[in-house]
Amino acid sequence: MNNKNSKPKLINDFLYGILRGNPVLVLMIGLCPVLAISTTIFNAIGMSIAFLFVLFFSNLFISMLRKFIPEQIRIPIFIIIISTFVTIIDYLIKALSPELQKQLGVFIPLIVVNCIIIGRAEAFAYRNSIISSVLDSFGTGIGFFIVLFLISFIREFLGRGTLFNHIIFKKPSLFMMLPPGGFITIGLLMGILTYFNLRKKYNKKKRSVNIEK
Amino acid sequence: MVRKIIDFMFRLTILCVITSFILAYVYKKTKPKIEQQLALIDNQAKKTLIPVADRFEQINELYTVAYDKNNNIVGKIVKSSERGYGGFIKIMVGIDNKKMVTSVMILEQYETPGLGDEILKSAFIEQFKNKTQTEIVLRKQGVNISAKTGATETSQKGYIDAITGATISSKAVVNAVRKALEYLDQYEQQKQ
Amino acid sequence: MINNEMNPILIFISACLINNILLIKFIGLCSFFGLSTNIKNSVGMGIAVTFVTVISTIISWLIYHLLLVPLDLVFLRTGTFILTIAALVQLEEMFIKKYLPPLYRAMGIYLPLITTNCAILGATFLNIDYSLNLYKSIIHGIGIAVGYTLAIILFAGLRERIQTAPVPKSLKGYPIAFFLASLMSLAFLGFKGLFGI
């Protein structure tokens with residue numbers, strides 16, 4: 001009994017990016033910034049805003065212009081559109097918050113090759129209405145932010161003993177801030193998620209077997 | 001077939017031209033703000049080194065003169081760098097008119113986190129305050145280390161304690177500060 | 001970090017081992033986890049990435065210093081670099097399809113994916129950030145590509161081994177791969193301080 005289908009399409013479009021189609025934990029794409037930027041919560045929030053900016057506008061414009069984009073050259077056109085917005089947010093961040101620019105560094109221009117943005121453009125914005133695409137961009141952006149926030153929360157808390165630069169405890173484990181710590185954190189999160197998914201599947205199977213009886 | 005290619009090229013070119021204009025506009029609008037931000041950060045950094053200063057005049061890439069409200073020279077700021085453990089450590093030193101160090105600021109470092117990067121902590125960096133060139137010598141466990149030869153000397157009194165387990169990083173900062181003071185001497189001698 | 005005054009051999013070692021693009025700088029991870037399930041794919045990907053990196057390093061450096069900087073068009077940097085890489089990957093795909101069909105069949109979907117490989121775009125940007133001249137940029141690019149290839153082949157070897165190991169059900173697949181990557185990253189961290197870099 002899948003009651004997800006009874007929800008209106010637009011709500012589904014929005015929720016997809018957060019749960020079933022969460023870019024990082026489910027689709028396993030766009031990992032580069034997740035591991036590199038998740039060292040502090042400040043970085044995570046800054047990166048998510050930049051990411052959402054690019055995702056929103058690229059989805060919007062690609063969806064608006066989809067009748068004018070021939071299929072054979074759609075990838076270069078996606079790239080041009082996405083790189084335009086990446087450059088815009090790059091200069092906006094430089095002007096408004098040099099500190100964020102210093103922290104994110106080369107990862108701001110790297111948003112242009114982030115699999116998530118090109119992936120959503122190709123799989124969704126190119127074939128769907130403007131409103132659906134915009135909702136999808138918000139959903140995916142929020143899904144991205146949730147994962148990034150969780151990981152940076154754990155890493156900053158355990159690795160620096162601070163939460164958003166407020167010192168919580170004094171003997172942090174530096175390991176969490178370094179690359180290996182990042183890998184372990186996301187591995188653990190995925191492991192936990194897989195565990196719950198497996199449990200859900202197992203329980204569903206049990207219930208359907210019981211019903212058949 | 002050829003018509004299709006021309007059509008594609010046309011669309012791509014139009015898109016490139018439009019986006020280039022958009023980006024040029026954004027660049028023009030943000031450029032002054034970006035330069036302003038950079039100057040602000042630079043000024044703030046210099047102000048923490050020599051708090052009594054009112055304005056700064058940059059003479060060359062490494063050397064800045066600090067003036068107070070009455071245009072008297074209250075100090076100088078010199079940038080310097082020295083190879084540390086994980087890369088070059090770049091610092092900025094504030095020097096007052098008596099050739100004493102007012103403060104040291106570490107601009108860039110790639111030392112081992114938790115070990116070498118203790119040089120950022122005030123416990124280490126505050127040691128440089130109000131010291132003259134002769135007093136800036138590394139001391140490791142009560143024994144002085146010559147800046148030039150690295151050999152231990154027991155005669156001269158050392159005044160900068162190294163960080164335990166991070167001798168190389170500590171030594172690099174000490175040498176960088178000495179270099180800054182030497183640069184100032186050289187520069188003033190050249191002027192005369 | 002790396003600057004133009006460093007000697008080329010040090011730049012190469014720094015890019016390849018000490019600041020390994022995948023395990024230390026975290027750039028290029030999508031393909032790292034998606035592809036490294038067997039060694040053969042990884043070798044192929046490594047070679048393809050090296051080829052594209054070297055050529056795009058040269059072209060993007062030339063575009064930046066001979067075109068964008070003199071004409072004050074620096075803001076077009078992101079767009080032109082990524083389009084150069086996309087064009088090169090397209091050319092490479094056509095070349096392989098025509099002259100090396102078995103390789104083309106083996107690599108399949110992964111060839112176009114090289115375009116979105118953060119490592120290549122990262123290499124071009126880092127060359128600019130470190131203000132390297134053309135010769136050192138090329139060495140740096142090769143170093144990054146070799147570091148990428150080394151890491152991905154090692155990782156593929158580990159992942160192949162772990163397929164026959166008793167891994168708890170929740171950790172099978174990606175989670176255990178991340179733990180493996182963590183250990184590899186820890187190992188590469190040991191290179192820090194080598195030759196005083």
Side-chain angles (χ1 to χ4, degrees), chain A residues 25-39 75-76 78-91 105-119 175 178-199 202, chain C residues 20 22-34 74-83 85-87 89-90 112-126 128-129 167-189 192:
Chain A
L25 292 178
V26 177
L27 302 177
M28 231 56 98
I29 54 177
L31 293 169
C32 300
V34 172
L35 282 161
I37 299 300
S38 53
T39 44
I75 302 284
F78 292 165
I79 292 179
I80 297 176
I81 295 179
I82 296 173
S83 70
T84 308
F85 292 110
V86 168
T87 310
I88 293 179
I89 196 73
D90 185 15
Y91 278 91
V106 74
F107 283 93
I108 301 177
L110 281 181
I111 297 178
V112 75
V113 281
N114 191 309
C115 315
I116 301 178
I117 302 197
I118 300 187
F175 174 76
L178 297 175
F183 282 118
I184 285 200
T185 311
I186 196 173
L188 275 174
L189 274 178
M190 278 194 191
I192 295 176
L193 201 73
T194 316
Y195 174 72
F196 281 116
N197 271 340
L198 286 177
R199 272 244 320 242
Y202 177 68
Chain C
N20 184 289
L22 281 175
L23 296 169
I24 305 291
K25 293 187 89 88
F26 284 137
I27 302 178
L29 290 175
C30 295
S31 52
F32 185 60
F33 284 101
V74 174
F75 55 87
L76 289 182
R77 174 172 73 156
T78 313
T80 48
F81 284 9
I82 185 63
L83 283 175
I85 296 175
V89 172
Q90 191 69 20
L113 276 174
I114 301 177
T115 318
T116 59
N117 191 323
C118 311
I120 307 183
L121 189 67
T124 58
F125 271 95
L126 287 175
I128 308 291
D129 282 351
V167 177
K169 250 204 229 158
S170 334
L171 295 181
K172 264 210 171 102
Y174 277 103
I176 199 74
F178 276 105
F179 290 163
L180 281 176
S182 166
L183 289 173
M184 272 187 81
S185 171
L186 200 58
F188 270 74
L189 262 185
K192 212 165 198 223

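Lettering follows sequence order; numbering is per chain, from 1. What you are looking at is a predicted structure, and each value in this text was computed from that prediction instead of being measured. Values below: all heavy atoms of this structure, side chains included; hydrogens, waters and symmetry mates excluded.
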message = Quick check on C:F188 against chain A: is it the side chain, the backbone, both or neither that has a heavy atom closer than 4.5 Å?
response = neither

key: Interface moiety of A:F175 toward chain C, non-hydrogen atoms closer than 4.5 Å   = side chain

inquiry  = Rounded at 0.5 Å granularity, tell me how far CD1 in A:I82 sits from OG1 in C:T78.
reply    = 12.5 Å

message = Measuring from atom CG of C:L22 to atom CG of A:L35, what distance do you get when rounded to the nearest 0.5 angstrom?
response = 11.0 Å

request  = Answer with side chain, backbone, both or neither: which region of A:I118 has an atom nearer than 4.5 Å to a non-hydrogen atom of chain C?
outcome  = side chain

task = State, yes or no, whether a side-chain contact exists between C:L189 and A:P180 at a heavy-atom distance under 4.5 Å.
result = yes

remark   = So, the part of C:K169 with a heavy atom under 4.5 Å from chain A: the answer is both

ask   = Looking at A:L31 and C:F178, what are the two nearest heavy atoms and their distance?
value = CD1-CZ, 4.1 Å

ask   = In terms of heavy-atom pairs under 4.5 Å, which option from A:G191, A:G187, A:S83 contacts chain C the most?
value = A:G187

task = Flag the pair C:L121 / A:V112 as yes when at least one side-chain heavy-atom distance between them is below 4.5 Å, and no otherwise.
result = yes

ask   = Taking the side chain as C-beta and beyond, is there a heavy-atom pair between C:I27 and A:F107 under 4.5 Å?
value = yes

message = Given heavy-atom pairs under 4.5 angstrom as the criterion, report whether the side chain, backbone, both or neither of C:L183 touches chain A.
response = neither

inquiry  = Would you say that A:I79 contacts C:L83 through its side chain, given a criterion of any heavy-atom pair below 4.5 Å between the two side chains?
reply    = yes

message = Return the OG to CG distance between C:S185 and A:L178, rounded to the nearest 0.5 Å.
response = 8.0 Å

ask   = Under a 4.5 Å heavy-atom cut-off, does chain A meet the side chain of C:V167, its backbone, both or neither?
value = neither

request  = Looking only at non-hydrogen atoms, find the nearest pair between A:A36 and C:K25 and report the distance.
outcome  = CB-O, 4.4 Å

Closest contact, heavy atoms only, A:I184 versus C:S182 = CG1-OG, 3.0 Å

note = Highest number of heavy-atom pairs under 4.5 Å with chain C among A:I192, A:L110, A:I37, A:L189 belongs to A:L110

message = Quick check: closest heavy atoms across A:C32 and C:L29, and the distance to 0.1 Å?
response = SG-N, 3.3 Å

ask   = To the nearest 0.5 Å, what is the distance between CG (C:L76) and OG1 (A:T84)?
value = 9.0 Å

message = Just verifying a value: how many Å separate A:L198 CG and C:K172 NZ, rounded to the nearest 0.5 Å?
response = 10.0 Å

ask   = What part of C:A181 is in contact with chain A, defined as an atom under 4.5 angstrom from a non-hydrogen atom: side chain, backbone, both or neither?
value = both

message = With a 4.5 angstrom heavy-atom cut-off, is it the side chain or the backbone of A:I75 that approaches chain C, or both, or neither?
response = neither

key: Contact summary for C:I24 and A:P179, nearest pair of heavy atoms   = O-CG, 3.8 Å

inquiry  = Just verifying a value: how many Å separate A:I80 CD1 and C:T80 OG1, rounded to the nearest 0.5 Å?
reply    = 11.0 Å

Output field: ring centroids C:F26/A:F183 closer than 6.0 Å = yes

inquiry  = I'd like to verify something: which residue of C:F75, C:F32, C:F81 has the highest number of heavy-atom pairs under 4.5 Å with chain A?
reply    = C:F75

